[in-house]
2 protein chains.
Amino acid sequence: MNARRRSDDRTETIMRTALDLALEVGYAKLSMEAVAARAGVGKDTIYRRWPSKALLFLDAVLSSRNTGLEHPDTGDIVADLREVMSRAADLLARPPWGPLYQDLIGEAQHNPDVAAALNQRFIQPQTADTLARLKVAKEQGQLAPDFDLDLAFEILSGPLYFRLLITQQPITQAYIDRLLRALFAGMAPEPHPR
Amino acid sequence: MNARRRSDDRTETIMRTALDLALEVGYAKLSMEAVAARAGVGKDTIYRRWPSKALLFLDAVLSSRNTGLEHPDTGDIVADLREVMSRAADLLARPPWGPLYQDLIGEAQHNPDVAAALNQRFIQPQTADTLARLKVAKEQGQLAPDFDLDLAFEILSGPLYFRLLITQQPITQAYIDRLLRALFAGMAPEPHPR
DNA sequence: GCCATACTGGACGTCGCGTCCCGTTATCGG
DNA sequence: CCGATAACGGGACGCGACGTCCAGTATGGC
């Protein structure tokens, strides 16, 4: 029981230390030696808990806060989406979390374990939350019955990630508004094709 | 002149070798030693041309082919976009190029040089090409005068990258069609909000 | 034919991951 | 309260790879 408690304390300490160091020097320069040293812990103690640096880092970043990215429900679907997207942009696309989140996704590109864990522990819950909110809106008649909820989610998220990961353009409130307007007001061409 | 020619030959050889090796073992396991050995070249010769492994890799991937992702102009903007997006998905989201492109973007997340070069040499030209085609369509009256071309590009690209980099869901022809339909037919809700 | 330049090949320093081990410390059962 | 058991700290270690350096060698210009 107490052995278990002591273990938990160390687990917590190691994650917090890893996170602190990552915030200071970035993931690239984060070393297990440094984490062990600052946490006052042997490297074995870390490797007994995490199989690799990448997964420790993932745990450190994802456990650090319960995101605060849950969807409000004010009754206005657009306002609610706007709110969550703004919070997400603030949180994930700027220091101090932005670079860490970017590194995490970067790591996921060549580390299937990280990719899988990132999806399960962050992306999927977040997706499910948004879809649930959209579903409610549809049931309340705020959205057309054939409104494609899954696609809508990807149309809102995709461009944000595109800017974060590829072009590195800033994700402003104005941009979020443009996205929402395009999605909900439609961008249909004049002589309606197709 | 011949010294110059010899240099050019080596540059070419090194890039091709790097690309071959990357295709075989992936970027993570690609080593400069292996490239030098297989190319029959001293490591100095490589480092005289590229400052780091990451930039050699980027050069190798980007120079390998002139993408074949230029926009056709059949007069039908939707058909043309559909064509290019399909080609891009085939080329960039599946073996053999998919993993390399993913690794490249992964590397860009913590290497500003790679990020900048990737943007300049691939993303921006590709963006400009798409925007040019969209502009023509608008001038021909296929798109509304206030159609937001830049945003449209990001709405089409973002979700593809989102699937490639984050959720790893397949990018099917059907998905591309859904995206195009959403963008051009609009996804306006029933009781039109905002 | 000679000189400058680029080249090969290999040794080297450095770093950091992940493993191993040993002496120590904390916890739990009795 | 005490001894057995397990976890721990700290450090050494092997390993692989980046990037530098240094001979000795080949190649092309003049």
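Here is the naming used below: chain letters follow the sequence lines, and residue numbers restart at 1 for every chain.
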Could you pull out all residues at least two apart from [X] that satisfy ring pair (Phe, Tyr, Trp, His ring centres under 6.0 Å)?
| X | result |
| --- | --- |
| A:Tyr161 | B:Phe162 |
| A:Phe122 | A:Tyr101 |
| B:Tyr47 | none |

A:Lys43 or B:Gly40: which one's nearest nucleotide on DNA chain C is closer to the 5' end?
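Taking each residue's closest nucleotide, the earlier one in sequence belongs to B:Gly40.
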Spacing between [X] atom [atom1] and [N] atom [atom2], to the nearest angstrom:
| X | N | atom1 | atom2 | value |
| --- | --- | --- | --- | --- |
| B:Leu55 | D:dG19 | CG | P | 10 Å |
| A:Asp9 | D:dA7 | CG | P | 16 Å |
| B:Trp50 | D:dC18 | CH2 | P | 15 Å |
| A:Arg49 | D:dA6 | CZ | C1' | 12 Å |
| A:Ile46 | C:dG16 | CD1 | P | 14 Å |
| A:Lys53 | C:dC15 | NZ | P | 14 Å |

Taking everything shown except B:Arg16 itself, do over 12 heavy atoms lie less than 6.0 Å from its CZ?
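Incorrect, the count does not exceed 12.
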Strictly below 4.0 Å: does [X] bring a side-chain N or O up to OP1 or OP2 of [N]?
| X | N | answer |
| --- | --- | --- |
| A:Ser52 | C:dC17 | no |
| A:Arg48 | C:dT19 | no |
| B:Arg10 | D:dT27 | no |

Once salt bridge (Lys or Arg N to Asp or Glu O under 4.0 Å) is applied, what residue pairs with a partner in residues 25-42 of chain B remain, sequence neighbours excluded?
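Checked against salt bridge (Lys or Arg N to Asp or Glu O under 4.0 Å) - neighbours excluded - the pairs reaching residues 25-42 of chain B are B:Glu24-B:Arg38, B:Glu33-B:Lys43.
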Please evaluate the base of D:dC22 for a donor-acceptor partner in the side chain of B:Asp44 within a cut-off of under 3.5 Å?
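A donor-acceptor contact between them is present.
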Per the ring-ring contact (aromatic ring centres under 6.0 Å, His included) rule, what does the pair list look like for residues 69-89 of chain B, sequence neighbours excluded?
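For residues 69-89 of chain B: none.
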For DNA chain C, what residues of residues 16-34 of chain B have any heavy atom nearer than 4.0 Å?
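Heavy-atom contacts with DNA chain C come from no residue of residues 16-34 of chain B; none.
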Of all the nucleotides listed (C:dC17, D:dC8, D:dG19), which has the minimum atom distance to the side chain of A:Tyr47?
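For A:Tyr47, the side-chain atoms sit closest to C:dC17.
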Applying salt bridge (charged side-chain N to carboxylate O under 4.0 Å, His left out), run through A:Asp129 and A:Arg133 and close with a yes or a no.
CA-CA 6 Å; A:Asp129 192 39; A:Arg133 180 65 189 84; over 6 Å; no
